[in-house]
Amino acid sequence: MASDQAGREAPPAPQQESPGAVQLKAVLLSPGYLKLLLLAALVGIPVSLVAFGFVVLEHQMQHWVWTSLPFELGFHQPPWWWPLPTLALAGVLIVPVLTRMPGKGGHLPVRGLGGPPVPPKALPSVVIAALVALPLGASLGPEAPLMALGGGLALLGVARAKREAQPKAAAIVGTAGSSAAIATIFGNPVIGCVMVLEAAGLGGPQLLLLVVPCLLASGVGALVFTGFGHWTGLDIGALTLQSVPRSEVPTAPDYLWGIPLAALIAVVVVAVQTLGWTTYDFTTRRTGAHIIACAVGVGVCTAAYALLTGRSPEEAALSGQETLSQLAANPQSWGVATLVLLALFKGLAYGICLGSLRGGPIFPAVTIGAALGIACAGLPGFGAAAGLSVGLAASGAAITGLPVTASLLAILLVGANARDAAPLMLVAAVVSFVVATKLRPKPSEQAPGPVQGPASAGADPGTAQT
């Protein structure tokens with residue numbers, strides 16, 4: 001009887017989709033959004049080609065200034081005084097770009113990775129400023145100019161009338177262009193995409209509408225970077241670690257030392273940013289002369305490191321990618337005093353660069369964090385692997401304000417150690433993010449003008465049409 005009743009029961013009503021899901025599905029399948037995806041994929045190809053050329057050119061110029069030229073002059077490594085003329089030259093060359101050209105060389109590094117996509121007319125100043133500052137020794141990375149280059153080129157591919165009629169869709173295309181441009185500079189195309197999405201601060205349907213074109217453009221960009229790298233044999237100098245100390249499952253001492261270390265790294269990063277804002281305020285008066293003075297000051301900091309340690313000034317100059325790789329590959333060869341001096345003088349040089357020159361803020365901060373982490377490796381029960389893990393995650397979270405991106409970057413950098421290192425890295429990233437957020441002055445207290453976050457798209461699901 002019971003079975004007969006069960007058989008006569010009506011089947012469950014199909015679950016209805018929520019209004020938000022229905023709207024999202026309609027937008028995703030709309031002809032306008034599909035055209036936008038096609039545009040993002042097509043834009044990713046030329047953007048990636050130009051970005052590849054920019055990174056290769058910057059890398060080759062840097063190699064000539066810091067390796068080939070000293071060798072031709074009879075030095076096995078750059079002498080301690082080498083940064084003094086190179087940075088002075090950088091200051092002299094960059095002043096006309098920052099004071100006279102449209103766009104003034106792009107965003108100020110101390111403000112983050114940049115705001116909305118750079119208008120195409122500003123791109124020449126962004127490229128020239130980066131190719132002057134970075135190879136000649138500025139303690140900055142290439143990521144911010146790459147994002148500006150990618151976003152600006154993407155907007156260039158969208159007709160001006162269409163940009164003005166549908167600014168939200170143009171912003172999505174520009175953001176996708178930024179993702180394509182930095183597809184492999186972090187060693188993995190997913191990192192740049194996650195960074196753009198986390199920085200956009202979107203959620204729910206809006207997040208999905210932005211993530212699809214960014215993933216598509218990042219994939220195309222990574223394919224172009226990889227293909228041209230193999231075809232030409234040229235190196236782009238992506239942020240990767242060839243060798244890292246072996247990690248083990250985190251123990252109580254790892255957290256005992258790792259948590260305060262993450263907080264300390266956050267304090268150092270915020271102090272460096274504060275120096276950047278002070279430098280920026282200094283350059284607002286008599287801009288040309290003061291920018292040259294700042295560039296010379298950067299040279300003095302890197303030369304002082306080389307003079308005191310007997311090591312190459314290149315370790316305290318530039319983005320820090322090569323230095324980070326050396327730290328991770330052979331941490332035992334670095335004395336604690338050398339690591340502290342590296343963090344001190346690179347931090348000073350980095351802070352001055354943040355407020356005066358042009359480039360990206362992430363790579364030098366990660367190098368400083370790694371140096372401080374490895375300097376603490378001798379603490380009881382800690383070790384170089386744990387110190388490196390905390391340093392990578394904590395510094396990335398403090399400088400970007402993006403703990404998810406910082407954690408992903410750190411986890412991918414340690415490669416095969418990721419499974420064991422990830423728990424400590426996640427804790428370090430959160431601690432550093434919270435401490436840095438607490439200590440960092442409010443934008444209104446830092447400097448006049450709007451403070452730009454790492455990226456912004458501001459997409460509206462209802463306007464994602466082309």
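Atom OG of Ser68 is separated from atom CE of Met61 by 12.5 Å, given to the nearest 0.5 angstrom. Of the inter-residue distances, the one linking Thr67 atom OG1 with Phe75 atom CZ reads 14.0 Å to the nearest 0.5 angstrom. To the nearest 0.5 Å, the span separating CG on Leu140 from CD1 on Ile362 amounts to 11.5 Å. Separating the CG atom in Leu98 from the CG atom in Leu108 is a distance of 9.5 Å, to the nearest 0.5 Å. From Thr338, atom OG1 reaches atom CD1 of Ile374 across 12.5 Å, with rounding to the nearest 0.5 Å. With values rounded to the nearest 0.5 angstrom, Ser432 atom OG is found 12.5 Å from Ile259 atom CD1.
A donor-acceptor pair under 3.5 Å links the side-chain atoms of Thr323 to the main chain of Glu315, judged by distance alone. Using a distance-only test at 3.5 Å, with no hydrogens or angles considered, a donor-acceptor pair links the side chain of Arg358 to the main chain of Ser356. No donor-acceptor distance shorter than 3.5 angstrom exists from the side chain of Arg440 to the backbone of Thr274, with no hydrogens or angles considered. Between the Thr283 side chain and the Ile291 main chain, no donor and acceptor come within less than 3.5 Å of each other. Using modelled atom types, one side-chain atom of Ser395 and one backbone atom of Leu392 make a donor-acceptor pair closer than 3.5 Å. Counting only distance, with no hydrogens or angles, the side chain of Thr279 and the backbone of Gly355 share no donor-acceptor pair below 3.5 Å. Looking only at distances, a side-chain donor or acceptor of Thr400 sits under 3.5 Å from a matching main-chain atom of Gly396.
Across every non-hydrogen atom of Ser407 and Ala429, the tightest pair is OG-CB, 3.3 Å. In plain terms, the two heavy atoms of Asp420 and Pro250 that are nearest each other are O-CD, 3.1 Å. Between Ala386 and Asp254, the shortest heavy-atom contact is CB-OD1, 3.6 Å. Between Pro135 and Gln62, the closest heavy-atom pair is CB-N, 3.8 Å. Nearest heavy atoms, Ser125 versus Gly106: OG-N, 4.2 Å. When every heavy atom of Pro253 is checked against every heavy atom of Pro380, the shortest pair comes out as CB-O, 3.9 Å.
In this structure, Leu357 and Cys294 have side chains that are not in contact, with every pair of non-hydrogen atoms separated by 4.5 Å or more. Between Leu134 and Leu318, the closest side-chain pair of non-hydrogen atoms is not below 4.5 Å. Between Ile94 and Ile292 the shortest side-chain heavy-atom distance does not fall below 4.5 Å. Using a 4.5 Å heavy-atom threshold, the side chains of Thr287 and Phe282 count as separate. Proximity of Trp257 to Cys376: side-chain heavy atoms (C-beta onward) are nowhere separated by under 4.5 Å. When side chains are defined from C-beta on, Trp66 counts as touching Thr86, because their heavy atoms get closer than 4.5 Å. Between His107 and Pro145 there is no side-chain heavy-atom pair separated by less than 4.5 Å. Taking 4.5 Å as the limit, every side-chain heavy atom of Phe382 sits out of range of all side-chain heavy atoms of Leu256.
Residue Phe71 places its CZ atom among 12 or fewer non-hydrogen atoms of other residues, nucleotides or ligands, all under 6.0 Å distant. More than 12 heavy atoms of other residues, nucleotides or ligands shown are found within 6.0 angstrom of CZ on Arg285. By the neighbour-count criterion of 12 heavy atoms within 6.0 Å, atom CH2 of Trp81 is densely surrounded, having more than that number from other residues, nucleotides or ligands.
If you run side chain to side chain contact (heavy atoms under 4.5 Å, CB included) between Ile265 and each of Val267, Val268, Leu261, only Leu261 comes through.
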* After noting the C-alpha distance and the side-chain angles of Trp82 and Gln77, does the key distance pass the side chain to side chain contact (heavy atoms under 4.5 Å, CB included) rule? -> CA-CA 10 Å; Trp82 192 259; Gln77 69 177 25; over 6 Å; no
* With side chain to side chain contact (heavy atoms under 4.5 Å, CB included) as the test, would you mind laying out the steps for Glu143 and Phe363 before giving the verdict? => CA-CA 8 Å; Glu143 64 277 11; Phe363 289 9; 3.8 Å; yes
* **Candidate pair Leu388 and Leu327, rule side chain to side chain contact (heavy atoms under 4.5 Å, CB included), full reasoning** => CA-CA 9 Å; Leu388 178 64; Leu327 283 169; 5.8 Å; no
* Asked: What's the verdict on side chain to side chain contact (heavy atoms under 4.5 Å, CB included) for Leu348 and Leu275, showing C-alpha distance, side-chain angles and the deciding distance?
  -> CA-CA 8 Å; Leu348 291 173; Leu275 175 59; 4.2 Å; yes
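Remark: Arg111 fails to qualify as a cation-pi partner of Trp277 under the 6.0 Å distance and 45° angle criteria applied to the six-membered ring.
Donor-acceptor pairing under 3.5 Å is recorded for the side chains of Lys346 and Ser139.
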